[in-house]
S.K.: 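Here it is: the structure, laid out below.
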Protein chains: 4
Amino acid sequence: MSSAPRGRPRDADVDARIVLAARAAIIDTGYDALSVEGVAARAGVAKTTVYRRYPGKAELVLAAVASAIHEAPVPDLGSLRLDLERLVDDHIHQLQHGHLGAMVRALQLALAERPDLAPLASGGFLAERKRDVDVVVDRAIARGELPPGVDREMVFDLCFGAVFMRGIVMHLPIARDYGHRLVATALRGYGVVE
Amino acid sequence: MSSAPRGRPRDADVDARIVLAARAAIIDTGYDALSVEGVAARAGVAKTTVYRRYPGKAELVLAAVASAIHEAPVPDLGSLRLDLERLVDDHIHQLQHGHLGAMVRALQLALAERPDLAPLASGGFLAERKRDVDVVVDRAIARGELPPGVDREMVFDLCFGAVFMRGIVMHLPIARDYGHRLVATALRGYGVVE
Amino acid sequence: MSSAPRGRPRDADVDARIVLAARAAIIDTGYDALSVEGVAARAGVAKTTVYRRYPGKAELVLAAVASAIHEAPVPDLGSLRLDLERLVDDHIHQLQHGHLGAMVRALQLALAERPDLAPLASGGFLAERKRDVDVVVDRAIARGELPPGVDREMVFDLCFGAVFMRGIVMHLPIARDYGHRLVATALRGYGVVE
Amino acid sequence: MSSAPRGRPRDADVDARIVLAARAAIIDTGYDALSVEGVAARAGVAKTTVYRRYPGKAELVLAAVASAIHEAPVPDLGSLRLDLERLVDDHIHQLQHGHLGAMVRALQLALAERPDLAPLASGGFLAERKRDVDVVVDRAIARGELPPGVDREMVFDLCFGAVFMRGIVMHLPIARDYGHRLVATALRGYGVVE
DNA sequence: GGCTAATCGAGACGGTACGTCAAGTCTTCCA
DNA sequence: TGGAAGACTTGACGTACCGTCTCGATTAGCC
């Protein structure tokens with residue numbers, strides 16, 4: 001089907017080193033201070049070798065961010081409230097104490113430069129969270145906690161949108177109980193029966 | 001107290017031309033493609049003259065974005081639902097059809113580069129919207145639509161956060177009825193009495 | 001002595017295509033703009049295949065120039081003057097209107113990069129001209145036009161050196177009667193008896 | 001007449017350092033191995049500072065070669081033969097033992113890349129030698145050594161052309177008595193009366 | 001009215017990174 | 001083994017801005 005692979009095949013180890021170097025660079029220098037030149041050096045690889053794989057900085061960063069997604073088990077704590085609280089709190093925690101903040105910020109900047117790559121990015125970590133939310137929502141409906149006709153898009157958007165705005169867009173601090181208050185308000189909005 | 005201004009005073013016209021040029025640059029080239037050098041040229045001003053006013057690109061952009069805030073009358077349509085719908089819909093409209101999208105994106109990027117400037121930015125257009133929301137919330141409490149102990153921070157965060165996430169962070173399209181659905185869900189969350 | 005040829009024999013057609021491609025490249029792009037990569041592409045051959053035959057660009061070009069030498073009959077017009085005029089005029093003509101100019105220039109550049117290859121090149125087209133001159137000089141001596149003790153090296157150097165300097169080194173124009181004036185002066189220098 | 005000098009004036013010391021660095025580079029690495037980047041580094045100057053002065057490598061080298069011309073007193077030894085011998089011998093000596101060889105070779109290469117710069121170069125050291133020759137020729141005519149109608153262009157071309165061909169184009173050795181034999185033959189060609 | 005001081009335009013300067021090109025070597029598959 | 005394809009390292013290309021600097025020419029207030 002696809003043509004036979006001709007010529008010297010790409011070195012998988014090189015692939016890995018580039019992505020790792022990019023990730024490290026994002027975490028400790030940020031998107032703007034990151035340069036293709038620097039990533040290449042950090043990866044111990046020639047600049048051209050990076051450009052052969054990624055047309056530019058934006059694509060490189062997108063790939064690095066995508067590679068940083070780590071699977072987390074979807075919580076199943078018995079009630080929608082507990083599940084959502086767990087998801088939101090984890091998210092806030094990773095934004096503030098893990099590397100997720102740096103990654104999301106980098107993603108944003110890359111998309112700001114290259115809006116055309118947005119579809120490529122949507123399939124990434126955001127979709128992951130959306131899927132998690134969908135799972136816990138389905139279980140809640142099955143348990144009768146949520147009315148079947150609930151506006152599913154909103155469940156995700158309300159809970160995560162507010163966190164994004166404060167944490168990412170506006171660089172505002174997020175209080176310790178913020179997640180719980182957020183979920184409490186949103187649940188009432190969905191008409192949760194408890 | 002402050003010493004008398006010695007030497008040649010700054011040219012106010014130059015101030016204006018720089019900010020206008022920066023705004024125009026943000027709108028039609030975006031933050032990353034914007035250069036201090038380019039803004040200076042566009043303003044018909046020497047590079048030094050820009051640097052004398054703003055230490056760098058981030059500060060220049062922040063000033064330009066701040067200058068783009070336009071006062072809008074706070075809606076007073078008789079019910080919290082109508083007022084919030086108006087605020088949210090206006091916001092969505094400006095994000096998608098006006099220059100607000102470009103401005104917010106630029107703001108974001110400037111803050112991503114220079115998180116230390118965040119407080120400086122919070123006083124800007126975001127605070128403006130927050131104040132608008134507070135006004136309509138106060139009226140709703142006075143009318144008895146909202147319980148007095150409502151989580152006020154959430155009113156703003158829920159309604160605008162979701163819009164930010166979709167429109168700015170993720171570059172996703174926003175459906176025509178999105179604002180109404182958003183407000184409907186949120187209002188239930190606040191325990192609105194209708 | 002030499003080991004029996006093992007493995008797949010070299011393709012003679014490939015040899016030819018490479019040299020032709022190199023010659024074409026010299027003529028229409030010049031030495032500096034010529035790249036091994038480009039020659040390989042032009043010849044429809046892999047870069048490796050070129051490198052297997054020639055260690056580098058200089059050697060490739062030398063081979064191409066050498067292959068461009070074309071045998072011309074030595075003139076025999078009855079007098080040294082006429083013979084030399086013919087040789088010099090032909091040379092000037094080829095330098096200016098044929099591809100010889102490009103070839104000599106490429107040769108020069110290759111030697112400038114790799115002076116160690118000079119002996120390899122001397123055996124080339126220069127020797128060819130030198131031999132031509134020697135033939136007409138011998139005939140002139142036999143005819144009694146030239147004294148037997150004439151400084152033979154000078155015959156060639158004077159007539160061709162001046163042309164080289166103007167045409168190749170200095171890129172100066174060469175007047176139509178330049179060759180005749182040159183030969184006239186030189187002949188007197190040799191003590192020609194007419 | 002000329003417009004007033006605006007902006008910060010160029011640093012003359014920088015001018016000098018660049019030219020000196022280029023000259024040094026020509027002498028010890030040759031034209032091809034010379035890079036604008038390297039010259040900038042050697043001069044302790046930013047790459048852009050070089051490019052601000054010279055559009056490219058060819059122009060830089062031309063300027064460096066031009067700056068290497070050193071005034072030498074025109075010989076006046078009493079006879080055309082002695083004067084020409086002195087000029088030619090000096091030239092040969094500088095080609096072989098001084099830096100002139102490297103300079104001329106670099107000049108050649110620069111012109112091969114950029115033939116359009118030829119006029120710019122002709123004004124250089126070549127013109128200098130031509131002028132020297134003209135001076136000694138004038139004196140010879142005044143003394144009655146040369147007929148007034150001598151082909152002046154040939155005096156220079158014959159004597160120096162042969163040297164160029166052997167020394168520069170063909171990288172051939174030049175015998176110790178080569179200059180004398182050359183001048184002897186040429187002088188007869190000019191119809192010198194002794 | 002001259003002095004002092006800052007503004008403004010212009011552009012040089014040392015840097016950093018850009019994205020591209022070619023050099024020459026190496027690795028893999030196919031014939 | 002020869003040949004085609006292409007990955008890989010290396011190094012330079014010429015360009016764009018960065019933020020700092022040094023000029024000359026204005027343009028004020030103050031003595």
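For the numbers below, each heavy atom of this structure counts, side chains included, while hydrogens, waters and symmetry mates do not. Below, read A as the first sequence line, B as the second, and so on, with proteins coming before strands; counting in each chain starts at 1.
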S.K.: Using only side-chain N and O atoms of D:Thr49, determine if any of them is under 4.0 Å from OP1 or OP2 of E:dA12.
M.R.: no
S.K.: What's the CZ-C1' distance between D:Arg53 and F:dT15, to the nearest Å?
M.R.: 18 Å
S.K.: Using distance alone, with no hydrogens and no angle criterion, decide if B:Glu113 and B:Tyr31 have a side-chain donor and acceptor under 3.5 Å apart.
M.R.: yes
S.K.: Please enumerate all residues that pass side-chain hydrogen bond (donor to acceptor under 3.5 Å, both in side chains) together with A:Arg52, with sequence neighbours excluded.
M.R.: none
S.K.: Excluding sequence neighbours, so at least two apart, what forms side-chain contact (heavy atoms from CB on, under 4.5 Å) with A:Ala64?
M.R.: A:Ala22, A:Ile26
S.K.: Return the set of residues passing side-chain hydrogen bond (donor to acceptor under 3.5 Å, both in side chains) with A:Arg114 (not counting sequence neighbours), or none when no residue passes.
M.R.: A:Glu59, A:Asp116
S.K.: Go nucleotide by nucleotide along DNA chain F from the 5' end; which of C:Ala46 and A:Asp11 gets its closest nucleotide reached first?
M.R.: C:Ala46
S.K.: Starting from P on E:dG19, measure out to CZ on A:Arg114 and report it in whole angstrom.
M.R.: 10 Å
S.K.: Who are the side-chain contact (heavy atoms from CB on, under 4.5 Å) partners of A:His171, not counting sequence neighbours?
M.R.: A:Arg105, B:Leu111, B:Pro115, B:Ala118
S.K.: Find the distance C:Tyr54:OH to E:dG24:P and express it as a whole number of Å.
M.R.: 15 Å
S.K.: Are there any protein N/O atoms within less than 3.5 Å of an N/O atom in nucleotides 20-26 of chain F, and if so, which ones and at what distance?
M.R.:
| from | atom 1 | to | atom 2 | distance (Å) |
| --- | --- | --- | --- | --- |
| F:dC21 | O2 | D:Arg8 | NH1 | 3.0 |
| F:dT26 | O2 | B:Arg8 | NH1 | 2.7 |

S.K.: Taking side-chain hydrogen bond (donor to acceptor under 3.5 Å, both in side chains) as the definition, give me every residue that meets it alongside B:Glu37, ordered by chain and number, with sequence neighbours left out.
M.R.: none
S.K.: Quick test of your reading: applying side-chain hydrogen bond (donor to acceptor under 3.5 Å, both in side chains), list the pairs with at least one residue in residues 19-28 of chain D, sequence neighbours left out, ordered by first then second residue.
M.R.: D:Arg23-D:Ser67, D:Asp28-D:Arg42
S.K.: Pull out every residue in residues 12-43 of chain D that has a heavy atom closer than 4.0 Å to any atom of DNA chain F, ordered by number, or say none.
M.R.: D:Ser35, D:Val36, D:Glu37
S.K.: Quick one: is A:Arg52 getting a side-chain N or O under 4.0 Å of the F:dT9 phosphate, OP1 or OP2?
M.R.: no
S.K.: D:Lys57 NZ to F:dA12 P: how many Å, rounded?
M.R.: 10 Å
S.K.: Return the set of residues passing side-chain hydrogen bond (donor to acceptor under 3.5 Å, both in side chains) with A:Asp15 (not counting sequence neighbours), or none when no residue passes.
M.R.: A:Arg53
